[in-house]
Student: 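Dumping the structure here so I can ask a few things about it.
Letters A, B, ... mirror the listed sequences (proteins, then strands); counts begin at 1.
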Amino acid sequence: MSHKSKKVKTSEENGMSNLQTTLKETIKLEDGPNNPWTGSEYSSKYFDILSKRRELPVHVQREQFLKIFHENQIMVFVGETGSGKTTQIPQFVAMEYLALGLTDNQIACTQPRRVAAMSVAQRVSDEMDVTLGQQVGYNIRFDDKTSASTRLRYMTDGMLLREAMSDPDMSRYNCIILDEAHERTLATDILMCLLKMLAKKRPELKIIVMSATLDAEKFQTYFDNAPLLTVGGRTYPVEVFYTPEYQEDYLVSAVRTVLQIHKTEPAGSGDILVFLTGEDEIEKACEKVGLEVDQMIREDPKIGPLDIYPLYGSLPPQQQQKIFRNPQAGGRKVVFSTNIAETSLTIDGIVYVIDTGFSKQKVYNPRIRVESLLVSPISKASAMQRAGRAGRTRPGKCFRLYTQAAHKSELIEQSHPEILRANLSNTILELKKLGVDDLVHFDFIDPPAPETMMRALEELNYLGCLDDEGNLTELGRKCSLIPLDPTLAVTLIYSSEYGCCEQILSIVAMMSVPSPFVRPNNARKEADDAKSQFENTKSDHITLLNVYDEYEKQLELGKEAADKWAWNNYLSSRSLSTAKSVRYQLREVMKRQGHSITSTDRNESKFESRIKKALVRGFFMQVAYLISKRNYKTVKDNQEVLIHPSSGVTESPTFLLYNEFVLTTSNYIRTVTSVKASWLTEIAPRYYDVSTFGPNSGYLTSLLNRMGGKKGKK
DNA sequence: GAGCACTGC
């Protein structure tokens, strides 16, 4: 308590003259010879890095930054690409606090992605000449490289949000920096709302929102006209070209443009990056360019070789690594990529960017509760980001495969933030746990559609996580502490009672990772055959359990053996090993919450029904009933659906519970399990109260009555 | 008989 009030005074007392003194002092501290963080002498490597740091654009404005930092509680900072903001700003704050003797608390710097948090923390610990995990550390899921001496903590935004749930005052920090705020991830958005409220409660807490230029004003307004500091970047100019007319087929034009560049731009002048929307398209483009470039070289042997690489998220890591190889002498490389190369991955040497103007985007329809991926036009901000990829090492060129008029009138300024496109059940539950009671008047930066909120509240109420007044129940409180969607969290918590906790742990872990089933285009039959050995014809969930159990068995022979087994059976060992980590984390939470970790044996007659009943407890709202042959109708929304062709459920059970409703070439339900009507009416009597089903539900009502009516009998 | 852009706890 006492040191908090002292801190308030310190920052208030700091006028400009005082500030210059501290800046001089901190510079002196940085100059050595001894490292104030450790007491030991600085290494020679440190001074090499220091001189480079002092050439960064942010360094020039260090004093200006500190002045605004001291005079305001909240500030917005815009640092363009190459300004050094992510590494330097947190260090400026750390040094300032050190000079002022404010070293009891920590500085947090959030990142939307784990790799960024890890790599920046490593870089900054090198710059400060300390061991990673000591004064500088990072904290991401499954990996905490921090210690009691950590002052500067890089972390994912999701991690800080999790932390806030057990400590809403975020009391261990005296400065919180939200980096890449313009990306508007769900976690960053919620953190901004929380910090705005927390700022009033903790006047000594400093908040810095770091963002791209376009969004700065929006954040300034949101934070009651917080001051802005802009620092230029260090990139090279990129010349942008548009097509004179609309392109019928962007894939064809992309291929043509690649060949054109390769043919006409000087050999060795730089590599090409092409933005496409998905795996199929990318593989197709690679094949096409491969064939045509061979032809081109045959006709004109003076043309150099072209190395072609695909790049997308589901590609195995060693394949992804290939994009960093140097091109052959006298040649160049071309990378066909999804959006992954827009922010997550940076390839050096790119000089030409080809932008199709499209990407796959998730859209959520709250009315029928369906999420789908649609190929949609990108935003202007995205287009700018893509173009910027060409100017990292030297001046570049960006070829936009659409007209300038289309860019001007058809692209929206910025992509819609995630909060406007997602199912919010999880977020609402988190907010409730964070103590936000009045969601209607909650100060969102962009408030989600009322219908999305209503859907989420309704779902949480049916699940028993919120009571009829919208208050968090005991179940809701427990679910909010489990890193899963509420449906899965409820299933998991009840699995303890249904005597199948170990099994549900495996199933929900498998459902939280990318599908473990690999299906290469040239070995579909083999992959399907391999999958069939695990398949349960009435439950895809149990199929997942079968795969996981077998993986665990293989792991007893060693990691290498298990990976080899996975490979031979067309399974992704990356997914499987992530599932194992997730499972471990969930099991720990379950133990901590006092649930008994029950288990059921495969030889028991109730093995499958226990698992299925637990699933019904979380998924009773996601059930479809058979209307003819393979055609189903969803209970709640009366949508006609088909079982997804990837399902191993070959029979046509009357009632099916499903994990996902996906809209692609048809309406599909994916990851399904047969359930008994009697379980539905027993486990969710309020939801399956036939008297409330309405006039058009005669058939469903009769099904439920006929098949669920005989309570107590099997 | 079809598809999974990307991220996070």
Student: Under 4.0 Å between any heavy atoms, over every strand shown, what does A:E342 touch: base, sugar-phosphate, or nothing? Just pick one.
Tutor: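 If one applies the 4.0 Å heavy-atom cut-off, A:E342 turns out to touch nothing in the nucleic acid.
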Student: Name all residues meeting the ring pair (Phe, Tyr, Trp, His ring centres under 6.0 Å) criterion together with A:Y250; count only those two or more places apart in sequence or in a different chain, and write none if there are none.
Tutor: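 Checked A:Y250 against ring pair (Phe, Tyr, Trp, His ring centres under 6.0 Å); matches are A:F358.
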Student: Listing request: all salt bridge (charged side-chain N to carboxylate O under 4.0 Å, His left out) pairs with a residue in residues 184-195 of chain A, at least two apart in sequence or in separate chains.
Tutor: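 Every salt bridge (charged side-chain N to carboxylate O under 4.0 Å, His left out) pair that includes a residue of residues 184-195 of chain A, provided the two are not neighbours, is A:R184-A:D189, A:R184-A:D446.
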Student: Applying a 4.0 Å non-hydrogen cut-off, can you work out what A:R114 is touching in the nucleic acid: base, sugar-phosphate, or nothing?
Tutor: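 Since only primed, P, OP1 and OP2 atoms lie under 4.0 Å of A:R114, the category is sugar-phosphate.
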Student: Listed by chain and number, what are the side-chain hydrogen bond (donor to acceptor under 3.5 Å, both in side chains) partners of A:D249, not counting sequence neighbours?
Tutor: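 Result, side-chain hydrogen bond (donor to acceptor under 3.5 Å, both in side chains) vs A:D249: none returned.
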Student: Would A:T537 and A:E651 count as having a side-chain donor-acceptor pair, cut-off 3.5 Å?
Tutor: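 Present: a donor and an acceptor within the cut-off.
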Student: List in chain and number order the residues that pass side-chain hydrogen bond (donor to acceptor under 3.5 Å, both in side chains) with A:Q321, two or more places apart in sequence or in another chain; answer none if no residue qualifies.
Tutor: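 side-chain hydrogen bond (donor to acceptor under 3.5 Å, both in side chains) list for A:Q321, sorted by chain: empty.
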Student: Of A:R162 and A:S515, whose closest DNA chain B nucleotide lies nearer the 5' terminus?
Tutor: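 Nearest-nucleotide comparison on DNA chain B picks A:S515.
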Student: Holding to ring pair (Phe, Tyr, Trp, His ring centres under 6.0 Å), I want the full list of residues that pass it with A:F399, two or more places apart in sequence or in another chain.
Tutor: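 With neighbours one apart ignored, the set is A:F241.
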Student: Once you apply a heavy-atom cut-off of 4.0 Å, does A:T185 come out as touching a base, just sugar-phosphate, or nothing?
Tutor: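 Counting heavy atoms under 4.0 Å across all strands, no contact is made by A:T185.
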Student: Using chain A heavy atoms and a threshold of under 4.0 Å, write down where along DNA chain B the contacts begin and end, 5' to 3'.
Tutor: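 In short, chain A contacts DNA chain B from B:dG1 to B:dC9.
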Student: Classify the nucleic acid contact of A:T343 as base, sugar-phosphate or nothing, counting any heavy atom under 4.0 Å across all strands shown.
Tutor: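 It contacts nothing in the nucleic acid.
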Student: Residues of residues 136-143 of chain A with any non-hydrogen atom less than 4.0 angstrom from an atom of DNA chain B: list those, numerically ordered, please.
Tutor: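 Close to the strand are A:I140, A:R141.
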Student: Under 4.0 Å, counting only non-hydrogen atoms across every strand here, what does A:S359 touch: a base, just sugar-phosphate, or nothing?
Tutor: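 Result for A:S359 = nothing.
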Student: Checking A:F442 now: which residues fulfil ring pair (Phe, Tyr, Trp, His ring centres under 6.0 Å) with it, not counting sequence neighbours?
Tutor: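 Per chain and number, A:F442 pairs via ring pair (Phe, Tyr, Trp, His ring centres under 6.0 Å) with A:F444.
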Student: Who are the side-chain contact (heavy atoms from CB on, under 4.5 Å) partners of A:E413, not counting sequence neighbours?
Tutor: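 Only A:K380 meet the side-chain contact (heavy atoms from CB on, under 4.5 Å) criterion with A:E413.
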Student: With DNA chain B as reference, determine whether A:E430 or A:N339 sits nearer its 5' end, using the nearest nucleotide of each.
Tutor: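 In this pair, the answer is A:N339.
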